[in-house]
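In what follows, a structure is listed as structure tokens, so that the remarks can point back to it.
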Amino acid sequence: QVQLVESGGGLVQAGGSLRLSCAASGSTFSINVMGWYRQAPGNEREFVAVINSAGTTNYAGSVKGRFTISRDNGKNTVYLQMNSLKPEDTAIYYCTAAVSYTNYWGQGTQVTVSS
């Protein structure tokens, strides 16, 4: 089992920055891929960014060039640095970790960007 605990969400003005953190615990030795999804009210949960244990990354087109995903394997922690935030980035952000064919999810953290 894997548990994911998120932090770093909050309220910022448009153009500002936030850094989200997600710390994994439990059977962390088996984690390969970690990533971030987000969900705005009335919308489906959408992919944001992903990173594997080797450091290979992938981003949604809407955040590419503004967001950066990284991880510290020793701390079992994944980060999402969000710059140049826009009101449309407002959503609940969820951390995820893949263990073989099983996905684990954090509880979500609210990011609100004011205009």
Side-chain angles (χ1 to χ4, degrees):
Q1 298 294 312
V2 174
Q3 295 80 45
L4 303 172
V5 179
E6 300 165 330
S7 62
L11 173 65
V12 297
Q13 293 183 332
S17 299
L18 283 174
R19 189 177 79 155
L20 306 182
S21 299
C22 174
S25 61
S27 301
T28 58
F29 65 91
S30 59
I31 296 176
N32 181 28
V33 176
M34 299 186 72
W36 294 90
Y37 284 67
R38 67 186 183 186
Q39 187 169 22
N43 294 336
E44 296 182 348
R45 190 172 298 185
E46 66 175 351
F47 167 77
V48 176
V50 69
I51 186 170
N52 69 12
S53 59
T56 302
T57 61
N58 193 25
Y59 297 90
S62 59
V63 306
K64 192 173 297 184
R66 299 188 298 120
F67 292 9
T68 302
I69 188 171
S70 61
R71 70 189 291 176
D72 185 332
N73 291 328
K75 296 181 179 180
N76 298 307
T77 300
V78 65
Y79 306 93
L80 186 68
Q81 178 67 46
M82 304 185 294
N83 298 326
S84 302
L85 283 163
K86 305 174 181 179
E88 51 263 45
D89 295 318
T90 295
I92 301 175
Y93 283 70
Y94 296 91
C95 176
T96 187
V99 181
S100 295
Y101 299 103
T102 301
N103 293 321
Y104 295 89
W105 295 90
Q107 78 288 344
T109 185
Q110 178 70 49
V111 172
T112 302
V113 184
S114 62
S115 60

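None of the values given here were measured: they were computed from a predicted structure.
Clustering of Ile, Leu, Val, Met, Phe, Trp and Tyr side chains at separations under 4.5 Å leaves Tyr79 isolated, with no partner residue.
Under the rule for a salt bridge (Lys or Arg N to Asp or Glu O under 4.0 Å), Arg19 has no partner lying at least two apart in sequence or in another chain. In this structure, the side-chain contact (heavy atoms from CB on, under 4.5 Å) partners of Ser84, at least two apart in sequence or on a different chain, are Arg66. For Val12, the side-chain contact (heavy atoms from CB on, under 4.5 Å) partners two or more places apart in sequence, or in a different chain, are Leu18, Leu85, Val113.
No donor-acceptor distance shorter than 3.5 angstrom exists from the side chain of Gln1 to the backbone of Gly26, with no hydrogens or angles considered. Between the Thr90 side chain and the Pro87 main chain, a donor and an acceptor come within less than 3.5 Å of each other. A donor-acceptor pair under 3.5 Å is absent between the side-chain atoms of Tyr94 and the main chain of Gln39, judged by distance alone.
Using a 4.5 Å heavy-atom cutoff, the side chains of Met82 and Leu20 are in contact. Side-chain contact check for Val78 versus Trp36: some heavy-atom pair is nearer than 4.5 Å.
Interatomic distance, OG of Ser27 versus CD of Gln3, reported as 8.0 Å (0.5 Å rounding). Atom OG1 of Thr112 and atom CG of Asp89 lie 11.0 Å apart (nearest 0.5 Å). Atom CZ in Arg71 sits 12.0 Å away from atom OG1 in Thr57 (nearest 0.5 Å). Atom CG of residue Leu80 and atom CE of residue Met34 lie 12.0 Å apart, to the nearest 0.5 angstrom.
Taking each heavy atom of Cys95 and Leu4 in turn, the nearest pair found is O-CD1, 3.6 Å. Across all their heavy atoms, Glu6 and Gly108 have their closest contact at OE1-N, 2.7 Å. For the pair Gly9 and Val111, the tightest heavy-atom approach, listed with the atom from each and the gap, is CA-CG2, 4.3 Å.
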Side-chain donor-acceptor pairs of residues 45-56 under 3.5 Å, sequence neighbours excluded:
unit_1	atom_1	unit_2	atom_2	d
Glu46	OE2	Arg38	NE	2.7
Glu46	OE2	Arg38	NH2	3.3
Asn52	OD1	Ala54	N	3.0
Asn52	OD1	Gly55	N	3.1
Asn52	OD1	Thr56	N	2.9
Ser53	OG	Asn32	OD1	3.1

Pairs under 3.5 angstrom only: tabulate donor-acceptor contacts from the side chains of residues 96-106 to other protein residues two or more places apart or in another chain.
unit_1	atom_1	unit_2	atom_2	d
Thr96	OG1	Tyr104	O	3.0

